[in-house]
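One structure is given here, and the rest of the page talks about it.
As a basis for the values below, the full set of heavy atoms in this structure was taken, side chains included, without hydrogen atoms, waters or symmetry mates. Here the structure is a predicted model, which is why all the values come from computation and not from measurement.
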Amino acid sequence: LQSRTQKLELGMTKDRVIRTMGGKHTTVGAREDSASRRLEVLRFEDAKTGEVLVYLRDGKLVQWGDVRVLENMPQ
(Lines give C-alpha, C1' and ligand atoms only; values in the text may rest on other atoms or scores of the structure.)
Protein backbone atom coordinates (compact mmCIF):
# COMPACT_ATOMS: atom_id res chain seq x y z
CA LEU A 1 0.00 0.00 0.00
CA GLN A 2 2.71 2.49 0.89
CA SER A 3 4.44 2.15 -2.47
CA ARG A 4 1.10 2.85 -4.16
CA THR A 5 0.32 5.89 -1.99
CA GLN A 6 3.58 7.44 -3.17
CA LYS A 7 2.02 7.55 -6.65
CA LEU A 8 -1.03 9.52 -5.47
CA GLU A 9 -1.34 13.19 -6.34
CA LEU A 10 -3.82 15.74 -5.06
CA GLY A 11 -6.47 16.43 -7.69
CA MET A 12 -6.46 12.91 -9.16
CA THR A 13 -9.85 11.60 -10.26
CA LYS A 14 -11.61 8.92 -8.23
CA ASP A 15 -11.14 6.39 -11.04
CA ARG A 16 -7.41 7.09 -11.26
CA VAL A 17 -7.05 6.78 -7.47
CA ILE A 18 -8.78 3.40 -7.54
CA ARG A 19 -6.57 2.18 -10.41
CA THR A 20 -3.43 3.44 -8.65
CA MET A 21 -4.34 1.85 -5.33
CA GLY A 22 -5.31 -1.49 -6.84
CA GLY A 23 -9.07 -1.25 -7.14
CA LYS A 24 -10.10 -3.14 -3.99
CA HIS A 25 -11.68 -0.60 -1.64
CA THR A 26 -14.65 0.13 0.58
CA THR A 27 -16.62 3.35 0.64
CA VAL A 28 -16.74 4.14 4.36
CA GLY A 29 -18.43 7.53 4.20
CA ALA A 30 -20.14 9.96 1.88
CA ARG A 31 -22.09 13.19 2.25
CA GLU A 32 -22.90 16.44 0.55
CA ASP A 33 -21.70 19.60 2.27
CA SER A 34 -23.53 22.93 2.56
CA ALA A 35 -22.05 24.08 -0.77
CA SER A 36 -23.50 20.98 -2.50
CA ARG A 37 -20.07 19.39 -2.90
CA ARG A 38 -19.95 15.61 -2.73
CA LEU A 39 -17.50 14.27 -0.14
CA GLU A 40 -16.42 10.61 -0.08
CA VAL A 41 -14.04 8.54 2.02
CA LEU A 42 -12.60 5.32 0.59
CA ARG A 43 -10.66 2.76 2.61
CA PHE A 44 -7.93 0.62 1.07
CA GLU A 45 -6.68 -2.20 3.29
CA ASP A 46 -3.61 -4.40 3.26
CA ALA A 47 -2.92 -7.18 5.78
CA LYS A 48 0.74 -6.19 6.08
CA THR A 49 0.62 -2.39 6.17
CA GLY A 50 -2.85 -1.66 7.55
CA GLU A 51 -5.27 0.78 5.98
CA VAL A 52 -5.19 4.04 4.09
CA LEU A 53 -8.12 6.45 3.95
CA VAL A 54 -8.62 8.45 0.76
CA TYR A 55 -10.74 11.63 0.81
CA LEU A 56 -12.44 12.91 -2.34
CA ARG A 57 -14.32 16.14 -2.96
CA ASP A 58 -16.45 16.20 -6.12
CA GLY A 59 -14.57 13.15 -7.40
CA LYS A 60 -11.08 14.63 -6.90
CA LEU A 61 -8.45 13.54 -4.37
CA VAL A 62 -8.02 16.11 -1.60
CA GLN A 63 -6.36 14.07 1.19
CA TRP A 64 -5.06 10.59 2.01
CA GLY A 65 -3.11 8.84 4.69
CA ASP A 66 -2.79 6.33 7.45
CA VAL A 67 -5.55 6.74 10.03
CA ARG A 68 -3.01 7.41 12.83
CA VAL A 69 -1.32 10.13 10.78
CA LEU A 70 -4.59 11.84 9.86
CA GLU A 71 -5.82 11.83 13.46
CA ASN A 72 -2.73 13.80 14.51
CA MET A 73 -2.65 16.18 11.55
CA PRO A 74 -3.08 19.87 12.37
CA GLN A 75 -6.23 21.57 11.13
Does the side chain of [X] reach to within under 4.5 Å of the side chain of [Y], using non-hydrogen atoms?
X     : Y     : result
Asp58 : Glu40 : no
Thr20 : Met12 : yes
Leu39 : Leu56 : no
Leu42 : Thr26 : no
Thr5  : Trp64 : yes
Val41 : Val54 : no

Inter- and intrachain pairs under salt bridge (Lys or Arg N to Asp or Glu O under 4.0 Å), touching residues 15-34, at least two apart: Asp33-Arg37
Worked verdict on Val17 versus Glu9 for side chain to side chain contact (heavy atoms under 4.5 Å, CB included): CA-CA 9 Å; Val17 168; Glu9 298 174 18; over 6 Å; no
Qualifying ring pair (Phe, Tyr, Trp, His ring centres under 6.0 Å) pairs, either residue in residues 10-43, two or more places apart: His25-Phe44
Partner set under salt bridge (charged side-chain N to carboxylate O under 4.0 Å, His left out) for Glu45, not counting sequence neighbours: Arg43
Residues forming a side-chain hydrogen bond (donor to acceptor under 3.5 Å, both in side chains) with Lys7, sequence neighbours excluded: none
Set of residues satisfying side chain to side chain contact (heavy atoms under 4.5 Å, CB included) with respect to Lys60, sequence neighbours excluded: Thr13
